[in-house]
Engineer: 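Quick one: the structure is below, and I'll ask about it shortly.
Computed from heavy atoms alone, side chains included, the values below leave out hydrogens, waters and symmetry copies. We count ligands from 1, going down the list as the structure has it; atoms in each ligand are counted the same way.
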Amino acid sequence: MEEHLRDLDSEEVHRHNNEAAREIVDAVRSTLGPTGMDKMLVDANGNVVVTNDGATVLQEMAIEEPIGKLLLGIANEQVSGVSDGTTTAILLAGELLTGALELLDRGIHPTTIGEGYELANQFVKRELVDIAVPFDAADFDAMRQVARSATNGKGRGVVSQERLVNVAVETVRGVTVDGHIDLDLIKIDKSVGDTAVAMQVHDGGLFKGEPAHPDMPRTVVDADILTLNGQLKPPEVSEVRARVDDHQGLRQFHEDERTRTDVLVDQVRGLGVDAVFFVEAADDELARRLAKRNVFAGNVSRPKIRFLKTVLGSSILPDLSRATANDLGYGHVRYDSAEDWFNVESEGTPGVTVSIRGSVEQLVDELHRSLTDATDAIGEAVDDGFVLAGGGGTEVELAQRLRSRAPEVTDRRQLVLETFARALEAIPRELTRNAGMDPIEAMIELRNEHAEGNQYVGVEPTEQTVADMRELGVVEPVSVKARAIDLATEVAAIIARADGMIPAEGSQVLVRSDDEEADDE
Ligand code: ADP
Ligand code: MG
């Protein structure tokens with residue numbers, strides 16, 4: 001295939017790549033920050049998606065360009081790593097790319113650019129450690145601040161940001177033990193229906209379903225509980241099968257079955273079991289007898305059995321007959337017939353379920369995304385133990401420190417470091433622009449503040465001013481920023497070096513040779 005492509009000179013490739021990158025960066029730039037705008041997109045199925053989330057914007061764009069795919073890769077990597085900071089990562093990558101092109105124009109070798117960017121990245125990472133502020137995992141106000149920064153400007157429909165932030169903090173508290181957070185123990189239960197938007201946090205698990213028999217107890221507190229990853233049924237006795245075709249045999253079979261069921265129910269009751277969770281179907285007769293003995297049994301999906309196991313401290317069993325006292329978990333079960341769900345919880349054991357309801361799927365999804373942004377950010381801050389000033393304050397400070405260090409590098413990489421510093425400033429610049437401020441004025445003001453040693457001063461978009469972000473409580477996890485800078489650096493360096501990158505099919509610089517056309521005929 002490649003011999004059919006006209007040889008593009010590397011400048012053409014770079015220019016093309018740069019243009020493609022611009023287009024993508026421009027699509028997300030206006031969403032940055034609390035005063036960022038929503039984007040309205042139409043997806044492949046004609047559905048309208050309204051979002052303020054950079055990653056979502058990119059996912060909805062049908063991107064064919066290799067550059068676009070790389071940038072989308074950044075967004076996905078950032079999301080899978082830390083959830084927040086995608087727009088920041090994309091913007092930085094775009095600026096670093098444009099900067100790289102200018103450096104190439106000035107005759108700087110791609111390898112030098114790659115090395116310079118990497119050097120800048122390492123320097124900036126060290127400085128991040130220096131300017132980070134300790135985060136106290138026991139301080140719920142600090143958690144609220146982080147959650148607020150992560151959800152600013154995000155579409156929440158009719159749920160207020162304070163409600164969202166409080167739900168996030170409550171959720172995180174429900175999965176924290178001894179200062180350690182396990183976000184895997186958060187279950188989200190989404191439902192779309194003819195209902196007002198609501199978010200609720202429930203301790204433990206919330207499971208769609210109903211008791212296996214109507215006579216079963218609705219509430220079992222202080223329950224000893226078994227969790228099965230199979231059906232609720234009496235043990236099979238395969239050799240009886242052979243004789244069930246004669247009348248006598250069939251009766252015998254049913255009697256045996258009743259006996260087996262009785263034995264099983266006695267055995268289960270003997271262990272002190274008050275409740276059983278199982279997957280798939282239940283044997284009616286067994287369910288009836290369990291109900292008679294006041295044992296609750298409920299059907300949940302397979303992944304939820306694992307969640308239940310953790311919440312209750314039980315073991316997962318293949319079937320009821322294998323149960324021993326060691327397999328029992330402990331907790332409380334409540335069945336809500338109005339909602340058709342069970343709430344299962346256990347004191348001191350982490351695990352929460354957040355129910356999110358709304359009338360429109362997009363709204364529920366956006367709410368889910370915002371909640372995840374908030375809980376992930378809190379989780380990151382706790383893990384890091386440190387936070388950074390938001391509002392572009394950190395980027396201004398990093399740029400300034402990088403500029404002051406650049407002269408120490410006496411070769412051409414000095415220019416590359418300066419380019420890197422300018423790219424960092426794209427974040428505060430974009431925040432001021434989205435706030436309707438004069439970016440030039442604001443940037444001068446920010447630089448002056450930082451030159452005077454006010455290292456936390458950033459953009460306050462709502463008031464259209466610059467202010468101390470730490471005092472305002474606009475802080476974000478260190479790892480979010482560090483990762484965004486890492487990814488942007490990596491991808492910009494790859495693209496700068498790749499002067500042979502082939503643009504996507506159908507783009508204007510792809511030229512087919514005459515032989516190819518001849519082949520087609
Ligand atoms: P990203 O996808 O990069 O997280 P966002 O749209 O969430 O993009 O914007 C994040 C930027 O907005 C960060 O630089 C953050 O510091 C800033 N930000 C968030 N809340 C505020 C606020 N209240 N005041 C100033 N800046 C804020
Ligand atoms: Mg964000």
Side-chain angles (χ1 to χ4, degrees), residues 25 27-39 51-59 71-72 74-79 81-95 131 133 144-156 161-162 164-165 168 366 369-378 380-381 387-399 424-437 442 446 456-485 487-488:
V25 171
V28 298
R29 169 191 301 287
S30 61
T31 68
L32 185 76
T35 50
M37 307 238 282
D38 284 353
K39 284 265 167 199
T51 183
N52 181 279
D53 186 44
T56 310
V57 173
L58 287 191
Q59 272 146 20
L71 290 175
L72 186 58
I74 293 185
N76 291 337
E77 274 283 309
Q78 179 78 19
V79 167
V82 292
S83 162
D84 199 21
T86 46
T87 312
T88 301
I90 299 287
L91 266 176
L92 269 181
E95 292 298 323
I131 55 182
V133 181
R144 276 194 190 86
Q145 292 179 352
V146 170
R148 226 173 265 134
S149 299
T151 54
N152 251 322
K154 286 289 156 82
R156 292 177 305 271
Q161 189 185 23
E162 276 319 285
L164 180 68
V165 163
E366 189 89 21
R369 253 194 307 272
S370 297
L371 179 68
T372 309
D373 281 351
T375 51
D376 282 1
I378 297 172
E380 290 295 328
V387 287
L388 294 166
T394 296
E395 284 86 350
V396 176
E397 183 65 21
L398 291 177
L424 286 169
E425 285 179 338
I427 303 302
R429 199 182 311 119
E430 218 56 57
L431 286 171
T432 62
R433 201 172 278 146
N434 290 344
M437 299 161 72
L446 283 169
Y456 306 119
V457 172
V459 184
E460 210 297 275
T462 322
E463 301 287 325
Q464 299 189 316
T465 176
V466 305
D468 189 307
M469 292 291 122
R470 201 181 160 184
E471 275 168 24
L472 290 180
V474 179
V475 289
E476 45 205 28
V478 177
S479 45
V480 172
K481 184 112 353 204
R483 188 158 177 83
I485 297 175
L487 288 171

Engineer: When only distance counts, is Gly391 in polar contact with ligand 1, meaning an N/O pair under 3.5 Å?
Structural biologist: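 N/O-N/O distance under 3.5 Å: yes.
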Engineer: Any N or O of Leu32 that comes nearer than 3.5 Å to an N or O of ligand 1?
Structural biologist: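 Checking ligand 1 against Leu32, no N or O pair falls under 3.5 Å apart.
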Engineer: So, regarding Thr87 and ligand 1 (criterion: nitrogen or oxygen to nitrogen or oxygen, under 3.5 Å), is there a contact or not?
Structural biologist: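 Yes; at least one N/O pair falls below 3.5 Å.
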Engineer: Using a strict 4.0 Å cut-off to heavy atoms of Val459, name the atoms of ligand 1 that fall inside it.
Structural biologist: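 Selected atoms, number and element: 24 (N), 25 (C), 26 (N).
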Engineer: Looking only at distance, does Gly33 have an N or O less than 3.5 Å from an N or O of ligand 1?
Structural biologist: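 Indeed, backbone or side chain, Gly33 has an N or O that close.
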Engineer: Answer side chain, backbone, both or neither: which part of Thr31 comes under 4.0 Å from ligand 1, heavy atoms only.
Structural biologist: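 Only the backbone of Thr31 comes within reach of ligand 1.
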Engineer: Can you check which of Thr88, Val28, Val57, Val474 brings a heavy atom nearest to atom 3 (O) of ligand 1?
Structural biologist: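 Among Thr88, Val28, Val57, Val474, the closest heavy atom to atom 3 (O) of ligand 1 belongs to Thr88.
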Engineer: What heavy-atom pair brings Met437 and Val459 nearest, and what distance separates the two atoms?
Structural biologist: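 For Met437 versus Val459, the nearest heavy atoms are SD-CG1, 3.9 Å.
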Engineer: Return yes or no for this condition: an N or O of Thr86 is under 3.5 Å from an N or O of ligand 1.
Structural biologist: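 Yes, at least one N or O pair falls under 3.5 Å.
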Engineer: Any N/O/S atom, side chain or main chain, of Asp84 closer to the Mg ion (ligand 2) than 2.8 Å?
Structural biologist: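 Within the cut-off used here (under 2.8 Å), Asp84 does place an N, O or S atom near the Mg ion (ligand 2).
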Engineer: Can you tell whether the side chains of Arg144 and Glu162 come within less than 4.0 Å, N to carboxylate O?
Structural biologist: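 Result for this pair is no, no salt bridge flagged.
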Engineer: Side chains of Leu71 and Ile74: closer than 4.5 Å at any heavy-atom pair?
Structural biologist: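 When only atoms from C-beta onward are counted, Ile74 and Leu71 do touch, with a gap below 4.5 Å.
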Engineer: Closer than 4.0 Å to some heavy atom of Gly85 - which atoms of ligand 1 meet that?
Structural biologist: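 What qualifies from ligand 1 is 1 (P), 2 (O), 3 (O), 4 (O).
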Engineer: In Å, rounded to the nearest 0.5 Å, how long is the span from CZ of Arg483 to CD of Glu77?
Structural biologist: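 That separation rounds to 5.0 Å.
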Engineer: State the atoms of ligand 1, each with its element, that fall below the 4.0 Å cut-off from a heavy-atom position in Gly390.
Structural biologist: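 Numbered from 1, ligand 1 contributes 16 (O).
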Engineer: Between the main-chain N or O of Tyr456 and the side-chain N or O of Glu397, is there a donor-acceptor pair closer than 3.5 Å?
Structural biologist: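 It does not hold such a pair.
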Engineer: Side chain, backbone, both or neither: which part of Ala89 comes within less than 4.0 Å of ligand 1 when only heavy atoms are counted?
Structural biologist: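 Within the 4.0 Å criterion, Ala89 makes no contact with ligand 1.
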Engineer: Under 4.5 Å between any side-chain heavy atoms of Ile131 and Leu398, yes or no?
Structural biologist: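 With C-beta onward as the side chain, the pair touches.
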Engineer: Considering the heavy atoms of Pro461, write down every atom of ligand 1 situated less than 4.0 Å from one of them.
Structural biologist: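 It comes down to these atoms of ligand 1: 24 (N), 25 (C).
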Engineer: Is any N or O atom of Asp84, backbone or side chain, closer than 3.5 Å to an N or O atom of ligand 1?
Structural biologist: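 Yes: some nitrogen or oxygen of Asp84 is under 3.5 Å from one in ligand 1.
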Engineer: Side chain, backbone, both or neither: which part of Val480 comes within less than 4.0 Å of ligand 1 when only heavy atoms are counted?
Structural biologist: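 It is neither; nothing of Val480 touches ligand 1.
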Engineer: Quick check: do Asn76 and Leu72 have side-chain heavy atoms less than 4.5 Å from each other?
Structural biologist: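 Sidechains of Leu72 and Asn76: in contact.
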Engineer: With a 4.5 Å heavy-atom cut-off, do Thr86 and Val28 have their side chains touching?
Structural biologist: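 A side-chain contact under 4.5 Å is absent here.
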Engineer: Where the side chain of Asn434 meets the backbone of Arg29, is there a donor-acceptor pair that is under 3.5 Å apart?
Structural biologist: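 Yes; at least one donor-acceptor contact below 3.5 Å.
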Engineer: Looking at every non-hydrogen atom in both residues, tell me the closest pair between Glu460 and Ala467 and how far apart they are.
Structural biologist: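 Shortest heavy-atom contact: CB-CB, 4.3 Å.
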Engineer: Between Arg148 and ligand 1, which residue portion shows a heavy-atom distance shorter than 4.0 Å: side chain, backbone, both, or neither?
Structural biologist: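 Under 4.0 Å from ligand 1, Arg148 contributes no heavy atoms.
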Engineer: Could you say whether the N/O atoms of Asn152 and ligand 1 ever approach to under 3.5 Å?
Structural biologist: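 N/O-N/O distance under 3.5 Å: yes.
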Engineer: Ignoring hydrogens and geometry beyond distance, is a side-chain donor-acceptor pair present between Glu476 and Ser149 at under 3.5 Å?
Structural biologist: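 Note: Glu476 and Ser149 side chains miss the donor-acceptor criterion.
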